[in-house]
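Just so it is clear, the values below take in all heavy atoms, side chains as well, and ignore hydrogens, waters and symmetry mates.
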Amino acid sequence: MKPRRSDSPQRKPRRRWRWHIPPAIVRGPEALEGTEVLDDFGGELGLVLWQSLRDISLWSSITPHDARAGLFSPNAGKRRAASLLAADPDPRISGALATIAGILEDPAGTSTEVVMLACREVSQWAEDEGLSATALAFAQAAALASPGNAAAGFRVGLLARRRGEYARAETWFRRTIGLARQSRDWLSYAMAFNSLGNLYAMRGNLPVARQLQIRAYRAAKRHSLRPTLAMVLHDLFVIAVRANQHEEAAALARSAFDAYDPENPQFPAFAHDVAYFWMSHGQFAPALSVFNALLPQLRRPLDRIGVLGSIARAAGGVGDLTAYAGARDALWKHVHASESLEISADALLDLAAGATSLGRWAEAEEASRMAEQMATERQQAQIMFNAQSALEAIRSERSAEANVAAQPAEDVDNLATELVRTLEEYAVAG
């Protein structure tokens with residue numbers, strides 16, 4: 001290497017790369033910060049929850065910590081204690097709300113970690129109770145209380161996505177990616193890419209969704225995050241199915257199966273997705289074997305409805321009237337008891353397809369009409385369109401099944417056998 005000449009221009013010093021932490025959307029459609037909890041709660045408890053959120057928002061906005069001294073009036077803590085007593089909150093969150101109230105007594109000395117954990121506790125309680133607005137509000141309060149915590153930010157993104165606040169969710173996932181890279185929290189890093197990919201898939205942008213899932217896959221593989229790796233391969237499989245890349249989907253199904261721990265709570269959903277893929281391509285017998293092995297493991301009506309619809313469709317495809325009738329009767333029983341479940345409309349379309357295969361036109365039309373009605377009420381445009389298409393096919397006495405090339409039967413039968421064996425072994429172990 002030649003020495004630098006004395007008259008050579010000076011090189012610019014190399015700048016150390018700093019990962020950008022983007023801001024996140026912290027407000028939804030509510031008119032005033034925190035008021036979304038008032039939609040879930042009224043009376044004293046709603047007021048206490050709203051005040052707690054406002055207090056955390058103000059407290060979190062002041063940095064450094066020692067600048068928080070004197071932030072609240074001297075009697076604020078006593079007044080909050082009296083409000084908590086009057087509200088008589090659920091014992092599962094009374095301690096957490098008391099912890100949050102501690103910032104009124106000692107705003108400078110209260111640990112951000114303690115406040116973050118208390119907010120997360122309230123958020124989890126609200127989610128368990130089905131109160132999504134409150135769950136999201138306190139998850140965000142936890143993330144604001146500990147702004148460098150990637151896992152806390154990731155939870156905000158998840159809850160926002162579940163509420164359909166996709167723009168808000170995306171900003172929190174992107175913020176999580178930056179925070180996680182900075183703190184070397186590789187689990188949150190991989191999961192944020194995975195969830196962001198799922199968000200783009202929900203929007204229909206499959207190429208970007210696939211790119212993001214590949215980023216998640218690389219992170220999970222590099223850092224030996226096997227449960228996350230299995231989840232990402234599962235999601236890549238779903239993207240390949242939606243993109244009509246059948247050979248890639250088949251390969252990904254095998255890779256995901258090899259990566260999954262049978263005791264992973266997502267494994268039954270994976271088994272259903274793979275079997276449904278086979279069924280959609282005319283491989284009814286192996287699909288039915290997996291659905292039958294899966295059903296005994298499911299306890300929640302929401303889960304059982306989807307599998308019962310799949311059994312009815314697959315049974316119709318193989319001409320098994322007994323299996324079809326059993327699934328049909330059980331499905332209608334669940335649907336009439338749980339009409340609010342969004343999956344009911346999809347399951348009814350599967351039932352209609354099974355009835356169509358068996359030439360039971362009246363039953364097919366009844367299921368399709370109910371699916372169309374449910375989809376119309378819930379503004380589910382795609383399901384409504386599918387139901388209308390099914391009705392047209394039924395009225396013309398034509399099968400609605402698509403005629404596409406089937407995957408080699410030997411490959412399907414082998415994986416079906418392994419899925420059934422694993423599901424049965426997992427059921428015994430559980």
Would you mind reporting whether [Y] and [X] have side-chain heavy atoms less than 4.5 Å apart?
X      : Y      : result
Val274 : Trp278 : yes
Gln124 : Arg155 : yes
Leu159 : Ser123 : yes
Tyr200 : Leu196 : yes
Asp350 : Leu331 : no
Arg218 : Lys221 : no
Leu117 : Cys119 : no
His234 : Tyr260 : yes

Heavy atoms only: give me the nearest [X]-[Y] pair and the separation to one decimal.
X      : Y      : answer
Ile100 : Ala118 : CG1-CB, 3.9 Å
Ile56  : Ala141 : CG2-O, 3.8 Å
Pro107 : Trp59  : O-NE1, 2.8 Å
Ala219 : Leu225 : O-CD1, 4.4 Å
Leu158 : Ser195 : CD2-OG, 3.7 Å
Ala137 : Glu36  : CB-OE2, 3.4 Å

Report yes or no: does [X] contribute a side-chain atom to a donor-acceptor pair with the main-chain N or O of [Y] at less than 3.5 Å?
X      : Y      : value
Arg120 : Ala142 : no
Thr422 : Pro262 : no
Glu372 : Met384 : no
Asp40  : Thr134 : yes
Arg175 : Pro23  : no
Ser57  : Leu53  : no
Trp186 : Ala220 : no
Ser94  : Pro91  : yes

Take the angle between the ring planes of [X] and [Y] and call it parallel below 30°, perpendicular above 60°, tilted in between.
X      : Y      : answer
Phe173 : Phe154 : tilted
Phe257 : Phe267 : tilted
Tyr189 : Phe193 : perpendicular
Phe237 : Phe270 : perpendicular
His281 : His246 : perpendicular

Distance in Å, [X] [atom1] paired with [Y] [atom2], rounded so as to fall on 0.5 Å steps:
X      : Y      : atom1 : atom2 : result
Leu47  : Ser83  : CG    : OG    : 6.5 Å
Leu187 : Thr228 : CG    : OG1   : 5.0 Å
Leu131 : Leu136 : CG    : CG    : 12.5 Å
Leu308 : Arg313 : CG    : CZ    : 15.0 Å
Leu45  : Leu97  : CG    : CG    : 7.5 Å
Ser188 : Asn149 : OG    : CG    : 7.5 Å

> Can you name the side chain to side chain donor-acceptor pair (under 3.5 Å) partners of Arg203, sequence neighbours left out?
Replying inline: Glu170

>> If the condition is side chain to side chain donor-acceptor pair (under 3.5 Å), which residues does Thr376 pass it with, not counting sequence neighbours?
In response: none

> Does the side chain to side chain contact (heavy atoms under 4.5 Å, CB included) test come out yes or no for Val26 and Gln140, once each step is laid out?
Replying inline: CA-CA 7 Å; Val26 296; Gln140 184 169 280; 3.4 Å; yes

> Would Arg215 and Ile177 count as a side chain to side chain contact (heavy atoms under 4.5 Å, CB included) if you check the C-alpha gap in whole Å, the side-chain angles of each, and the deciding distance to 0.1 Å?
Replying inline: CA-CA 11 Å; Arg215 296 287 297 273; Ile177 290 168; over 6 Å; no

> What do the steps show when you test Arg210 against Glu248 for salt bridge (Lys or Arg N to Asp or Glu O under 4.0 Å), and what is the final call?
Replying inline: CA-CA 12 Å; Arg210 186 176 184 278; Glu248 181 178 350; 3.2 Å; yes

>> Set out, in order, the CA-CA distance, both residues' side-chain angles and the distance that settles side chain to side chain contact (heavy atoms under 4.5 Å, CB included) for Arg369 and Glu366, then state yes or no.
In response: CA-CA 5 Å; Arg369 283 185 182 279; Glu366 180 188 13; 5.9 Å; no

>> Working note: His272 + Val290, criterion side chain to side chain contact (heavy atoms under 4.5 Å, CB included); need CA distance, chi angles, decisive distance, verdict.
In response: CA-CA 7 Å; His272 182 269; Val290 173; over 6 Å; no

> Is the number of heavy atoms from other residues, nucleotides or ligands within 6.0 Å of CZ (Arg304) greater than 12?
Replying inline: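 Counting neighbours around CZ of Arg304, more than 12 heavy atoms of other residues, nucleotides or ligands fall under 6.0 Å, so yes.
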
>> Counting neighbours of CZ on Arg92 that are heavy atoms of other residues, nucleotides or ligands and sit closer than 6.0 Å, is the number greater than 12?
In response: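 Count over threshold, so yes.
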
> Checking salt bridge (Lys or Arg N to Asp or Glu O under 4.0 Å) for the pair Lys333/Asp329: CA distance, chi angles, key distance, verdict?
Replying inline: CA-CA 6 Å; Lys333 182 179 178 180; Asp329 295 345; over 6 Å; no

> After noting the C-alpha distance and the side-chain angles of Gln51 and Asp55, does the key distance pass the side-chain hydrogen bond (donor to acceptor under 3.5 Å, both in side chains) rule?
Replying inline: CA-CA 6 Å; Gln51 289 173 330; Asp55 292 339; over 6 Å; no

>> Checking salt bridge (Lys or Arg N to Asp or Glu O under 4.0 Å) between Glu165 and each of Arg168, Arg162, Arg161, which is the one that passes?
In response: Arg168

